[in-house]
Each structure stands twice: as C-alpha cells, then as structure tokens.
Amino acid sequence: MDLIKVLNKLSIMILIIKGIKMKIIEDLKKYLIEEYKVKDESSLEILPEICPQGMKGDLTINCFKLIKALRGKPDDISNKVFEFFDKESDVISVEKVKAFVNIVLTPIALHQSSVAQIANLLAPPIDKDSAKKILIEFSAPNTNKPQHLGHVRNNTIGMALASLMKRAGHNVIPVNLVNDRGIHICKSMIGYQRFGNNETPESTNTKGDHFVGKFYVQYNTELKKQIAELRSVQPELKDVKEDDLFLKTEIGLATQKMLQDWENKKSSVISLWEMMNAWVFKGFDETYKRMGIEFDKTFLESNTYLLGKDLIAKGLEDGAFTKREDGAVIVDLGKKLGEKVVLRSDGTSVYITQDIGTTIKKYNEFTPDQQIWVVGDEQILHFKQLFGALNKMGHKWSDTLYHLAYGMVNLPSGKMKSREGTVVDADDLFSEMVNLAKTSTLERCGDDIPADIDERSEIIGMGALKFMLLKFNPKTTISFDPQASVKFEGDTGPYVQYACARINSIIKKAELAGITSDDTVDWELLSSDFEKNLSIRALFYPDIIKTAASKMDCSILVSYLLDLSKDFSRFYRECPVLSNSNTKEIKVARVAMCCKIRDILTDGLKTLTISVPSAM
RNA sequence: GUUCCCGUAGCUCAGAGGAUAGAGCAUUUGAUUUCUAAUCAAAGGGUCGCAGGUUCGAAUCCUGCCGGGGAUACCA
C-alpha cells in the first residue's frame, strides 16, 4: 500500500498542455524538442486523441500533426514517438500504425492523471491573464406578446453560452434589451383600449404577457377586417400590399397617433403603456425564472431609442458618414455591404442609429473586451453593417464585436407563423415537457410516489428541452417535432441525468455499507477497458470546455456529456460496484470513480444551466 | 441580380485536413435471482448533392454547377 502512495505522489507532477494534463505527454514533448532541436517550443502542441474503437490503445498520437513543428518525416517522427513510449514504464504497450502511435497506459498512470485529479479537471481551463470581460446580450423580447419556441432557443443558447464562458474562466455580464416601445407595442395598446373591457391579468387569472398578447391578436384581426372593407369599397386597392394600406385604415391612423402621443409623453398614453408593460414584465419574469435566466442588467428600448443621433452628427463631421443628395446620412461600407442609411432624410432615427448608440453606451458603461449578441441569423447583414459603421467611426474595439447567429426553429409542418396560429408557445411547451416527465416518472415509480415528484419533473422536463435545443450547432436551422423529438430516451438530457441518478443511488448505498470518499483508493484495481475509458474521457473535459467556449458552441459540451454518460452506462452494466463478490478495495475504488464521473456530469450539466434531480 | 448559410444512413443530427465516416430515433433480435431497463448488447441501412482543383492524404480547404433556406427598407 505504501508503495502505491509513493507512486501516486510521483505521478501527481502534472503539467498543462492544451487542456490535457499528463506528465507523460509533457515528457514526450521535451524529448521531441531535444531530438529535433526545436527552437520555438510553443510551436509544438501535442494533443493526444482517444484511440478509435477496434485499435489497441488508450490514447493516440497523430504524428502527421507534428510534421510542421518538428520539420521531420512522418515515419521518422512516429518511430521516435514509438521509441519514447517503448521505454516508459507507465506504458504497457505501444503500437505504430502508419504515422499513428497508439499507447496503452497502466491503469494507475491513467487514473492518476485523470479522475484522481478531479479538482484540476473542474478548474477553469483559461488562465487569469487570458480571461476576458464579456458582455453578452440575448433574449430581446417585444412587450406585445408572449414568448415562443424561437425565443426559447435564443434564451437557452444565450444563457448557456454566458454560463459556458464563465465556466471557462471569463468574466461574463449577461444583459437583455427589451423592445418595449414602437408601433407594434401601440397595436396591443389600441387592442386593449377597444376590446379590453377594463379587464386585468388578475381579474381574468391570466399570465400578463399572454393577457397582452391576446389584444395584439385581436388588433390584427380588426386591422385585417378594416383592410378588407377598404378594398371592397375601393377595388383598385386590391393589389396594394397590406402594409401600404395601414395608414388608410381608421385603426392604423389611430395607432400612428398613439405612437406620436407616446413620443410626446401624453400622460394617458404613458400610463396605459406603463400598466400594460408591467403586466408583460411580470409574465416574462416567470418565464425567465423557470428557465433559470438572470440578467445583470436589462436595457429598455424606451430609454435607448433616442441614442445615436448625436453620434451620427459627429460621424458626419469626422467624415465617417456622408450626406446624400436627398438629405439622408449614409455610411459607405464598400462593395460587399454597400451603402447603409444611418439617419433618415427627415432627421429621424432608423434601427441602426439606436444600435450604434446603444453599443457605444454599453461599451462606455462596461468597457468589455468583447460584446456578443445572440440574435437570429436573419440579422447577419444588419450586424455586419453595424460593426462596419462602428469601425468607420474609429472605434478600434469594433473588431471584438460578435454576432452569434442562430438558425430558425421549424416545425414538421414548416415554419412557425403567428398569423396562422402555428406558433409553439413557450409556457405551453414548458408545461408539456414537465407533464411528460411527470407521467413517465409516475409510470416508473408504481405505487411508491416520491414526495418531490413535481420538483423532479420540472428538472427533468426543462432539462430535456434545454438539452435538446443545445444539442444542435447554433447556426443550423433545426426541425422541432413536439411529438417525436421530445423523448426521454437516447441522446437526451434525461439520459445524462439518469447516469447521475444511478451514481447517487450507488453512493447512498455505499455509505450505508461504510464506504466513504475519504477511503484511500488503489487506482490500480480499475484495470478493465470500461473503467479506463471513463478516465480517458474525463481527461478531455477541460479541453472540451475550452474548445466549446472558444467556438461559442455548447453543442460540443453536449456531445461530450453524452459520450461520458454512455461510457458510464457501459461501466455500470459490466462493472458492478457494490457486488458481494467484490473486495472492499474494489468497491472503494469503483465508488471513487463513480463520484468523480458524477462530479463531471453535474458540472457539465450545470454549465448548460441544467440541474440534476435527486433521483429518477 | 448580389450576398450569407445549409446539403452526410429512412428521419433528426455529430464529424476542429488524417486510420475502417459516427450517434440517436425508426426497423429486427437478444439481455432484468446481482448497485434504477429513462439501461445495455447486436444486426441491417452511406456514390458524404454533382464535377473539377490543391494535398503524401479531402465529408472537411478552393472553384464552378445543382437543390433548399435567409438577407438584400429612409421596417424593427
């Protein structure tokens, strides 16, 4: 036993290489630098890979990737790598296939570099010097209707990205910018004035955002009716677009008047606006709370919509912008992006005017190293123009701005369209998911209904939804089938949660048997492929966090957690932990392994803003 | 017209220039006296849209074409 302890201490000499912390790999690097007389040591990065199935090995060194740094031939390099490993006592066997060198490590060397160093695996992979202050804006809802599946994707990606960046070691400030003013807001206000009958969310027992959304729908119905009437009286308007007929309708004119009154701060309009917005915000708060979303700061468009005008004037002076013959101020963004109007000829703002203003305001307020917007991919051009305009204005930080463009969410029937009533409402979706989780939990429990059934169902249902949305690369347009794609089997959140639940159950039973996490672990005993695979996978966790953060892609972490859970499920089947046929030492070692794997799974899910239920 | 994204198994999707292109679902089959079967094991299923090019090596990079979607407002 003492010998083991000494060996443990020796291999604790851990060094960091691109997220993979292994002494043997660092030694290999030193050896190759010596052999090939490499001058710039930082040019040589050795990132081992998991050996593919069917090959004999734990880890693989791909020598093709070392050609550049070493300036050698693939065959020579792989021979040298082979020779190096052949002499290492931590290596049981080495195999060279073409320029790939596959090594099998002793269990103790492997586990000591991996799960035994759980604190290292869970530490932020980015050092303090390269940590950035990142402002991330997402959600950006309108206050005239409740949120739908598209917002849910935005919210989920935004919050998980913020959490991921934080986990990687950055300083993250999540912010929201609520579109609480404008013609569309006036539409729901007119709708309420005409059809509201002085009802309130309380009097009708309706969630505030749904309550207001109802009047937005009624408004649009009325508008459509008036347009139809107009066309029946004036048949020549048949081919004119609906948008162009807006100001020819009575309700359209009333809406425009209301917007003007709002901008002139007419008290009756302002108080109606304040009352209805308060209802919506209360509803949104519930939605955000249920999703586990918190913002450090919420900007309101009603406070920011006038920003930018003076900046345009200054840009005009500095020559960043030019005045066109018709009086509009434009920015010339070159051949690809063309000209963009930044101020109307009548001197009023366009959308990009206030975006310029808000972005500069955010920069001055927080001085971040990077600003990120999580906004749908239909606005790619807009953001390119925004960044281009800021660049022209001489803001050097404009090249640190980043638009994380995510794809749309389609239904099997096609696009979601609010006008056709094919929108999946966020709150309905949450309830459906949680109910599904509850039903299947009840099925599994039989008569033994757990006391925390509702809390558990909430965690499982919401976890399944978030996991599903994060599984896809953000930029892909995804197809969401509420019936089929939302199951709790296979590559899902509950699969990962289930692995955690099984581990928790084992640990509870182990404690009853007198096995604790303080017991000394003999890692040598975990020598099966199933046990080694867990350590191999765990070894890559910091690198996965780092890569996912640098690519701003949570799906990388999602795939990893599925792989690790899969490795665990196999281990669970093949290596009983508390079986009576096991010695106490084996039980202790396997319990320790379970704890470490659970820690990683829990940490990974938490990073994705997903919780783990007490049991399943 | 210009521009951006996508095209990989029946379906939904991973593949960070490298080995025999992978998962899940669906289909077929097997596993529960042993720590939770929301699990595990296995089978079938692929001209990686097409054609060139770069490379020792291309699903991955470049060019062209075909197909699908988005953006091309003094809308937000």
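Chain letters run A, B, ... following the sequence lines, proteins first, then strands; residues in each count from 1.
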Counting side-chain heavy atoms from C-beta on, which of B:C35, B:A38, B:A16 comes nearest to A:M616? B:A38

Once you apply a heavy-atom cut-off of 4.0 Å, does A:Y498 come out as touching a base, just sugar-phosphate, or nothing? base

Protein-nucleotides 6-10 of chain B N/O pairs under 3.5 Å:
from, atom 1, to, atom 2, distance (Å)
B:C6, OP1, A:K475, NZ, 3.3

For the C1' atoms, the ones on B:A16 and on B:C75, what distance do you get once it is rounded to whole angstrom? 39 Å

Look at A:R502 and B:U36 and indicate whether a side-chain polar atom (N or O) is within less than 4.0 Å of OP1 or OP2. no

Taking the six-membered ring of A:Y572 as reference, does the cationic atom of A:R502 (NZ for Lys, CZ for Arg) lie under 6.0 Å from its centre and within 45° of its axis? yes

So that I know where these two stand, are A:F138 and A:W373 an aromatic pair - ring centroids less than 6.0 Å apart? no

Between side-chain atoms of residues 587-598 of chain A and protein atoms elsewhere (two or more places apart, or another chain), which donor-acceptor pairs fall under 3.5 Å?
from, atom 1, to, atom 2, distance (Å)
A:R590, NE, A:E531, OE2, 2.7
A:R590, NH1, A:P576, O, 2.7
A:R590, NH2, A:E531, OE2, 3.3
A:R598, NH1, A:N504, OD1, 2.8

State whether the side chain of A:R456 and the backbone N or O of A:P613 hold a donor-acceptor pair below 3.5 Å, judged by distance alone. no

A:K487 NZ/CZ over A:F467 ring centroid, <6.0 Å and within 45° of normal: no

For the P atoms, the ones on B:G57 and on B:A23, what distance do you get once it is rounded to whole angstrom? 28 Å

Quote, to the nearest angstrom, the P distance that separates B:U20 from B:A37. 38 Å

Side chain of A:E378 - closest among B:C35, B:G70, B:U72: B:G70

Under 4.0 Å, heavy atoms only, any strand: does A:N102 hit a base, just the sugar-phosphate, or nothing? base

Aromatic contact, A:F571 with A:F568 (centres under 6.0 Å): yes

Using the six-membered ring of A:Y305, assess whether NZ or CZ of A:R181 lies under 6.0 Å from its centre and within 45 degrees of the ring axis. yes

Round to a whole Å and report the spacing from NZ of A:K509 to P of B:U34. 12 Å

Using the 3.5 Å cut-off, write out each protein N or O paired with an N or O of nucleotides 74-76 of chain B and the distance between them.
from, atom 1, to, atom 2, distance (Å)
B:C74, O3', A:R344, NE, 3.1
B:C74, O2, A:S345, N, 3.2
B:C74, O2, A:S345, OG, 3.2
B:C74, N3, A:S345, OG, 2.8
B:C74, N4, A:D326, OD1, 3.2
B:C74, N4, A:D326, OD2, 2.1
B:C75, OP2, A:R344, NE, 2.6
B:C75, OP2, A:R344, NH2, 2.1
B:A76, OP2, A:Y351, N, 3.1

If you measure only the distance, is there a donor-acceptor pair under 3.5 Å linking the side chains of A:D326 and A:S345? no

Measure the distance from CD1 on A:I380 to P on B:U2 and round it to the nearest whole Å. 19 Å

Using only side-chain N and O atoms of A:K487, determine if any of them is under 4.0 Å from OP1 or OP2 of B:U12. no

Less than 6.0 Å separating the ring centroids of A:Y560 and A:F540? no

Evaluate A:D332 against A:T322 for side-chain hydrogen bond (donor to acceptor under 3.5 Å, both in side chains), listing each step before the verdict. CA-CA 8 Å; A:D332 183 3; A:T322 50; over 6 Å; no

Among B:G24, B:A19, B:A16, which nucleotide has an atom closest to any side-chain atom of A:D491? B:G24

B:G18 versus B:U2 - spacing of their P atoms, nearest Å: 33 Å

With no hydrogens and no angle check, just 3.5 Å: does a side-chain donor-acceptor pair link A:D180 and A:T143? no

Using Watson-Crick or G-U wobble pairs with both distances under 3.5 Å, give me RNA chain B in dot-bracket, 5' to 3', with [ ] for crossers and | for pairs to another strand. (((((((..((((....[...)))).(((((.......))))).....(((((..]....))))))))))))....

Quiz question: by atom type and distance under 3.5 Å, do the side chains of A:K96 and A:S78 form a donor-acceptor pair? yes

Residue closer to the 5' end of RNA chain B, A:K471 versus A:Q53 (nearest nucleotide): A:K471

Are side-chain heavy atoms of A:I506 and A:I503 found at a separation under 4.5 Å? no

How far does the C1' atom of B:U39 sit from the matching atom of B:A76, given to the nearest Å? 49 Å

Within this structure, what is the CD1-to-P distance between A:I506 and B:U36, rounded to whole angstrom? 7 Å

Classify the nucleic acid contact of A:L578 as base, sugar-phosphate or nothing, counting any heavy atom under 4.0 Å across all strands shown. base

Considering only the C1' atoms, how many Å lie between B:C5 and B:A9, rounded to the nearest integer? 23 Å

Which whole number of Å gives the distance between the C1' atom of B:A59 and that of B:A21? 7 Å

Looking at A:S579, does any N or O in its side chain come under 4.0 Å of the phosphate oxygens OP1/OP2 on B:U34? no

Any sub-3.5 Å donor-acceptor pair from A:T249's side-chain atoms to A:G252's backbone N or O? yes

Counting only side-chain N and O atoms of A:Y406, is one of them less than 4.0 Å from OP1 or OP2 of B:G70? no

If the C1' atom of B:U55 is compared with that of B:U60, how far apart are they to the nearest Å? 13 Å

Measure CD1/A:I503 against P/B:C35 and give the value in whole Å, please. 16 Å

With a non-hydrogen cut-off below 4.0 angstrom, is A:A510 in contact with a base, only sugar-phosphate, or nothing? nothing

Residue mapping more 5' on RNA chain B - nearest nucleotide basis, A:I556 or A:V101: A:I556

In whole angstrom, give the distance that lies between atom NZ of A:K73 and atom P of B:G57. 16 Å

Take nucleotides 58-64 of chain B nucleotide by nucleotide from the 5' end and write B, S or -, depending on whether a protein heavy atom sits under 4.0 Å from the base, only from the sugar-phosphate, or from neither. -------

Quick check on side-chain contact (heavy atoms from CB on, under 4.5 Å): which of A:I352, A:I330, A:V329 does A:K340 satisfy it with? A:I352

Are A:K471 and A:D491 ion-paired here, with the side-chain N under 4.0 Å from a carboxylate O? no

Specify the residues of residues 562-575 of chain A, ordered by number, for which at least one heavy atom lies under 4.0 angstrom from an atom of RNA chain B. A:K566, A:S569, A:R570, A:Y572, A:R573, A:C575

May I ask you to check whether A:D567 and A:N533 show a side-chain donor-acceptor distance below 3.5 Å? no

If you check the A:P52 side chain, which of B:U12, B:C35, B:A19 turns out closest? B:A19

Donor-acceptor side-chain pairing of A:Y406 and A:N154 below 3.5 angstrom: yes

ring centroid sep under 5.5 Å plus plane angle under 30, A:F64 with B:G57: no

Counting the atoms with a prime plus P, OP1 and OP2 as sugar-phosphate, which does A:M55 contact under 4.0 Å by heavy atoms, base, sugar-phosphate, or nothing? base

At 4.0 Å (heavy atoms only), tell me whether A:A99 reaches a base, stays on the sugar-phosphate, or touches nothing. nothing

Could you tell me whether A:Y351 and A:H382 have their ring centroids closer than 6.0 angstrom? yes

Just to confirm, is there a sub-4.0 Å distance from OP1 or OP2 of B:C4 to any side-chain nitrogen or oxygen of A:K336? yes

